[in-house]
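In what follows, every heavy atom counts, from backbone to side chain, and hydrogens, waters and symmetry copies are set aside. Each chain gets a letter, A, B and so on, in the order its sequence line appears, and its residues count up from 1.
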2 protein chains.
Amino acid sequence: MRTDTTFKRAFNDMIEIIRTLDLGEELPSENALRAQLGVSRTTVRKVLAGMAARGIIMSEAHRRIIRKQPRQKERYPKEETLAISEQVETSFMEWMLRGDACPGTEINETELARKFGVATTIIREFLNRFQKYGLIEKRQNAGWVFKGFTASFALELFEIREMFEMRSARLFATLPDGSPVWKQIQAMRAAHLELLADIDARFQDFSELDSRFHRLITAVAPNRFIESFQDVIAMVFHYHYQWNKRDERARNEVAIREHLALIEALESRNVASIDRACRLHLTSARETLLRSIMQ
Amino acid sequence: MRTDTTFKRAFNDMIEIIRTLDLGEELPSENALRAQLGVSRTTVRKVLAGMAARGIIMSEAHRRIIRKQPRQKERYPKEETLAISEQVETSFMEWMLRGDACPGTEINETELARKFGVATTIIREFLNRFQKYGLIEKRQNAGWVFKGFTASFALELFEIREMFEMRSARLFATLPDGSPVWKQIQAMRAAHLELLADIDARFQDFSELDSRFHRLITAVAPNRFIESFQDVIAMVFHYHYQWNKRDERARNEVAIREHLALIEALESRNVASIDRACRLHLTSARETLLRSIMQ
DNA sequence: CATATGTTTCTTATGTATAAAAAACAGGGG
DNA sequence: CCCCTGTTTTTTATACATAAGAAACATATG
């Protein structure tokens with residue numbers, strides 16, 4: 001009943017590990033592999049058994065030798081490495097953002113389960129977790145309502161985002177010279193400059209960098225509620241822009257420049273400059289999102 | 001498998017409706033009752049059947065007559081009117097706050113299901129919803145960790161609360177005279193004064209009034225994320241103080257006076273006074289919570 | 001024809017089952 | 001005695017089953 005996606009992901013990862021080793025070489029211990037792969041030893045043993053069955057490794061008493069290099073086509077396809085619950089997330093987002101759902105649509109657990117080909121349990125679990133994004137609402141004894149990916153959603157989202165990020169950004173002004181954050185900020189600038197230099201080819205990498213940048217800023221003074229809110233923002237940008245590619249390159253380039261300006265302001269330790277740069281970026285991000293929601 | 005708590009709650013409510021009517025009188029239509037009881041007609045019919053079986057009403061063709069008044073002991077006990085998922089919430093809170101759990105404790109779904117006598121499905125669903133309170137964290141393929149009802153939890157909570165409430169309170173200064181909010185504020189003051197006058201007997205009613213007061217303030221400019229955060233606050237106060245009654249009367253009296261001061265400040269429309277009153281109350285609430293967490 | 005009740009169908013809440021994964025336990029060799 | 005592998009036990013992820021409840025449909029009555 002449970003899918004073996006953990007095994008398949010570990011199997012693929014193991015292929016990469018073996019590629020770094022030579023024929024005839026001995027594999028690390030099960031425990032070492034467990035730590036490297038981030039799974040339990042049970043799964044490691046299953047992977048090793050699979051490798052042995054394929055003739056890639058040979059199990060001798062208490063050790064395993066590499067017999068031949070695995071081929072790339074022996075990897076399991078990406079889809080099979082995603083837990084059902086992760087697949088459901090993607091399916092649901094697509095259903096939502098492709099426009100099958102307008103504000104006020106009732107969400108029917110059974111119907112979704114049928115449509116996505118999964119058990120209702122999974123759908124319920126997903127919806128319960130998804131609730132925190134503020135896009136759906138539960139009604140007692142009667143399913144959920146989709147509230148819509150609307151302008152007011154974007155406005156409410158950005159009202160909170162502004163409070164949280166201004167709060168964190170301002171704190172930079174009081175940070176001592178020795179703080180390790182300044183190193184990370186330097187690295188962040190480098191990453192931005194690198195992406196900017198190659199923007200025509202790599203503009204799709206921005207979404208992840210954006211998330212990392214904003215998480216770095218809020219991390220100066222950790223607060224679990226702010227961090228949890230970052231998930232909301234990340235979700236919105238990740239999925240919304242995945243289905244809305246208009247002006248993507250230009251949009252991302254503008255954001256990168258705003259980030260660079262904010263980095264400079266942070267380093268100046270001048271609260272007024274920080275405020276200005278931060279607000280400028282958030283306003284522009286908000287307008288971009290609003291435009292994109294309105295088509 | 002599903003419990004009939006909806007029916008039992010509706011049955012109890014129906015008893016109250018019948019008490020307002022006289023013997024021999026005709027009951028409202030099924031549809032009217034449906035609206036009054038807030039359940040489906042299916043449930044209304046089940047309740048009516050139950051009443052008929054007990055001889056309380058008599059079903060004639062197309063109408064139902066009251067034959068005798070139901071007695072209070074015919075009510076279903078409170079516990080039987082709570083959905084399993086609601087019972088689980090209480091059990092879990094008790095488990096958590098009674099101190100069976102210290103920070104870092106691993107939460108075992110199976111064990112909790114056994115301990116609470118419910119299905120694992122329910123536990124999972126509950127934990128998924130409960131995640132938003134910031135007290136537990138999920139680990140891939142391996143249960144949950146309880147992060148602890150600690151001082152840092154309280155501090156992080158109040159940092160957000162302060163941002164959100166100051167934001168709303170300040171907005172009052174710009175509200176026009178004609179806004180209906182002022183009436184509600186008046187009513188709120190009356191409710192506070194009433195409770196204060198009878199504080200020795202009714203100090204336990206404060207928790208609910210507190211929640212209503214803070215929700216009223218934030219409602220001036222609705223934001224789903226702020227509203228959702230109010231749930232976190234309400235949960236903390238509702239449950240935490242349920243198991244921690246030290247100085248309850250005095251604590252609530254202080255809070256009521258602070259609320260009254262804030263109401264006055266709001267009505268003055270002076271941003272500086274509002275800021276001061278709001279911050280004063282939040283600081284005091286925070287200190288009270290911290291003291292109570294530290295024992 | 002509008003509204004009420006009777007009937008049928010669909011959905012949700014909750015329990016149970018089971019393969020996959022994790023964790024705990026146990027013996028063995030350096 | 002520590003770390004390694006083999007084995008057993010426990011837990012989680014997911015599917016499926018079903019009574020309670022909601023909604024839709026049908027029929028009757030004033």
Side-chain angles (χ1 to χ4, degrees), chain A residues 1-10 28-34 37-49 59-64 83-88 106-114 117-127 138-144, chain B residues 1-10 27-34 37-49 59-64 83-88 106-114 117-128 138-144:
Chain A
M1 310 254 159
R2 185 175 183 171
T3 52
D4 56 355
T5 54
T6 304
F7 159 70
K8 286 174 173 164
R9 209 170 332 135
S29 79
E30 290 178 359
N31 240 313
L33 289 171
R34 186 194 60 69
L37 295 170
V39 297
S40 74
R41 199 158 66 81
T42 309
T43 303
V44 169
R45 288 172 64 86
K46 197 170 165 184
V47 168
L48 290 174
S59 277
E60 278 182 0
H62 291 208
R63 48 201 235 121
R64 290 150 304 271
I84 300 278
S85 52
E86 295 167 320
Q87 291 169 238
V88 162
E106 305 220 350
I107 296 173
N108 184 319
E109 295 176 2
T110 323
E111 194 190 321
L112 279 189
R114 269 197 304 267
V118 300
T120 54
T121 327
I122 301 289
I123 298 285
R124 293 196 115 221
E125 199 179 308
F126 169 75
L127 293 173
K138 175 129 192 67
R139 286 193 311 200
Q140 190 66 236
N141 281 338
W144 304 75
Chain B
M1 308 255 165
R2 186 175 182 171
T3 52
D4 57 354
T5 53
T6 304
F7 159 70
K8 286 174 173 164
R9 209 168 334 132
L27 271 178
S29 79
E30 289 177 359
N31 240 312
L33 289 170
R34 188 194 58 71
L37 294 170
V39 297
S40 75
R41 199 157 67 80
T42 308
T43 303
V44 169
R45 288 172 65 84
K46 196 169 165 185
V47 168
L48 290 174
S59 276
E60 279 183 357
H62 290 207
R63 50 201 232 119
R64 290 150 304 271
I84 300 278
S85 52
E86 294 168 319
Q87 291 170 237
V88 163
E106 306 220 348
I107 296 172
N108 183 318
E109 295 176 3
T110 322
E111 194 189 320
L112 279 189
R114 269 197 304 266
V118 300
T120 54
T121 328
I122 300 289
I123 299 284
R124 291 195 117 224
E125 196 178 312
F126 170 75
L127 292 173
N128 272 310
K138 174 126 191 70
R139 286 192 311 197
Q140 190 65 234
N141 281 337
W144 305 75

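- Which of dT5(D), dA23(C), dA22(D) sits closest to the side chain of Ser40(B) comes down to dA22(D).
- Contact annotation: Asn141(A) does not reach the phosphate of dA23(D) (side-chain N/O to OP1 or OP2, under 4.0 Å).
- You'll find a donor-acceptor pair under 3.5 Å spanning the side chain of Thr42(A) and the base of dA22(C), going by distance alone.
- For Arg41(B) against dG21(D), no side-chain N or O and base N or O form a donor-acceptor pair under 3.5 Å.
- Atoms CD (Glu109(A)) and P (dC16(D)) sit 17 Å apart, rounded to a whole Å.
- Atom CZ of Arg114(A) is separated from atom P of dC16(D) by 14 Å (rounded to the nearest Å).
- In plain terms, the two heavy atoms of Thr120(A) and Ala113(A) that are nearest each other are CG2-CB, 3.8 Å.
- In this model, a side-chain donor or acceptor of Arg2(B) finds a partner on the base of dA20(D) within 3.5 Å.
- Between dT11(D) and Thr120(B), no contact under 4.0 Å exists linking OP1 or OP2 to a side-chain N or O.
- Here dA22(C) presents its P atom at 13 Å from CG of Asn31(A), a figure rounded to the nearest Å.
- In this structure, Thr110(A) reaches the bases: a heavy-atom distance under 4.0 Å links it to at least one base atom across the strands shown.
- In this structure, Lys138(A) reaches the sugar-phosphate backbone alone: every heavy-atom distance under 4.0 Å involves primed, P, OP1 or OP2 atoms, never a base.
- In this structure, Arg34(A) atom CZ and dC3(D) atom C1' are separated by 13 Å, rounded to whole Å.
- Rounding to whole angstrom units, CG of residue Leu33(A) and P of dC3(D) are separated by 16 Å.
- A straight line from CG of Leu112(B) to P of dT12(D) spans 9 Å, rounded to a whole angstrom.
- Summarising the geometry, the separation between NZ on Lys8(A) and P on dA20(C) is reported as 10 Å, rounded to the nearest angstrom.
- Of the inter-residue distances, the one linking Asn141(A) atom CG with Thr5(B) atom OG1 reads 7.0 Å to the nearest 0.5 angstrom.
- In terms of position on DNA chain D, the residue among Trp144(B) and Arg45(A) whose nearest nucleotide sits closer to the 5' end is Arg45(A).
- Within 4.0 Å (heavy atoms only), Arg139(A) reaches no atom of the nucleic acid at all.
- Heavy atoms only, all atoms of each residue included: Ser29(B) and Arg64(B) are closest at CA-NH2, 4.0 Å.
- Atom CE of Met1(A) is separated from atom P of dA21(C) by 15 Å (rounded to the nearest Å).
- Summarising the geometry of Asp4(B) relative to Lys46(B), their closest heavy-atom pair is CB-NZ, 4.0 Å, with the distance given to 0.1 Å.
- With hydrogens and angles ignored, a donor-acceptor pair closer than 3.5 Å exists between the side chain of Thr121(A) and the base of dC16(D).
- Minimum atom distance to the side chain of Thr3(B) is reached by dT14(C), of the listed dT14(C), dA22(D), dT12(C).
- Between dC4(D) and Arg63(A), no contact under 4.0 Å exists linking OP1 or OP2 to a side-chain N or O.
- Proximity note for Ile122(A) (side chain, C-beta onward) versus dA22(C), dT14(D), dG15(C): the nearest is dT14(D).
- Considering only the side chain of Glu30(A), dT5(D) comes nearest among dT5(D), dT5(C), dG15(C).
- Here dG21(D) is the nucleotide among dT12(D), dG15(C), dG21(D) with the atom lying nearest to any side-chain atom of Thr43(B).
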